[in-house]
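For the numbers below, each heavy atom of this structure counts, side chains included, while hydrogens, waters and symmetry mates do not. Model, not experiment: these values are computed from the prediction.
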Amino acid sequence: MPTELPYAADAEMSLTYDELDVLRLQYLKEVAQDHVTTQTKFNYAWGLVKSPMREHQVEGVRLLQEIYRTEPARRRECLYYLALGHYKMGNFEEARKFNALLLEKEPTNMQAQSLGQLIDKGVTRGKFQKPSTCLCVNPPTEGYIGMALAGGAAAIGTLLIAGLIRRAHRK
């Protein structure tokens with residue numbers, strides 16, 4: 001069996017912010033209607049867990065734990081993402097616990113086996129070193145960089161126009 005299994009890609013891949021926003025809007029729409037389906041809650045939690053942002057991961061794990069507690073028929077599918085969420089947050093013991101529960105039910109689950117290897121590496125790295133979580137298309141800083149560039153261009157443009165106006169008034 002190879003030492004590097006390619007199946008835990010979820011540990012490194014994020015949704016784009018637009019994709020996550022679609023899930024968020026659907027979830028909020030159903031919250032406003034006082035009827036959130038389990039599938040909508042799961043989809044949103046899945047997207048949050050995959051996010052590179054810790055606060056998203058925390059909320060995703062919270063939603064998955066609600067589903068795990070209230071929907072026994074959906075427990076198996078929550079286990080992997082609960083393990084993944086805890087892994088991404090650096091909670092390696094919790095991640096190991098949920099992953100072990102999944103492997104008890106599905107010993108040949110390649111995703112869980114691969115995630116187990118990542119968790120073990122995380123434990124040996126130490127609990128204070130956060131795993132790499134962002135190979136996403138739109139990292140969180142990309143929007144800020146764009147805004148900074150646009151703001152800088154606007155400031156330079158304003159200075160140039162002010163300089164031209166001053167010159168015109170001096171003549």
Look at the side-chain heavy atoms of Ile, Leu, Val, Met, Phe, Trp and Tyr, link any pair under 4.5 Å apart, and say whether [X] and [Y] land in one connected group.
X: Leu63; Y: Val22; answer: no
X: Leu25; Y: Leu48; answer: no
X: Val36; Y: Ile67; answer: yes

Test item: [X] and [Y] side chains (from C-beta on) under 4.5 Å apart, heavy atoms:
X: Trp46; Y: Glu77; answer: no
X: Arg75; Y: Leu101; answer: no
X: Glu94; Y: Val61; answer: no
X: Arg96; Y: Asp120; answer: yes

Between [atom1] of [X] and [atom2] of [Y], what distance do you get to the nearest 0.5 Å?
X: Glu59; Y: Leu64; atom1: CD; atom2: CG; result: 10.0 Å
X: Leu15; Y: Leu23; atom1: CG; atom2: CG; result: 6.5 Å
X: Leu118; Y: Phe92; atom1: CG; atom2: CZ; result: 9.5 Å
X: Leu115; Y: Leu79; atom1: CG; atom2: CG; result: 11.5 Å
X: Tyr27; Y: Asn43; atom1: OH; atom2: CG; result: 12.0 Å
X: Thr40; Y: Leu28; atom1: OG1; atom2: CG; result: 11.0 Å

* Parallel, tilted or perpendicular: ring planes of His86 versus Phe98, cut at 30 and 60 degrees ->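 Parallel, since the angle between the ring planes stays under 30°.
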* To do: Look at the aromatic rings of Phe42 and Tyr81 and report parallel, tilted or perpendicular, splitting at 30° and 60°.
  =>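 If you compare the ring of Phe42 with that of Tyr81, the planes turn out perpendicular.
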Considering all heavy atoms, the nearest [X]-[Y] contact:
X: Leu82; Y: Gln65; result: CD2-CG, 3.6 Å
X: Ala95; Y: Ala83; result: CB-O, 3.3 Å
X: Gly60; Y: Ala45; result: O-CB, 3.5 Å

Are the side chain of [X] and the backbone of [Y] linked by a donor-acceptor contact shorter than 3.5 Å?
X: Ser114; Y: Gln111; result: no
X: Asn99; Y: Ala112; result: yes
X: Arg24; Y: Tyr44; result: no
X: Lys88; Y: Val49; result: yes

* Start with the C-alpha distance between Arg62 and Glu66, add both sets of side-chain angles, then the distance that settles salt bridge (charged side-chain N to carboxylate O under 4.0 Å, His left out), and finish with yes or no. => CA-CA 6 Å; Arg62 185 188 68 74; Glu66 283 179 15; 2.3 Å; yes
* Could you walk me through whether Gln117 and Gln113 pass the side chain to side chain donor-acceptor pair (under 3.5 Å) check? -> CA-CA 7 Å; Gln117 288 179 354; Gln113 290 175 10; over 6 Å; no
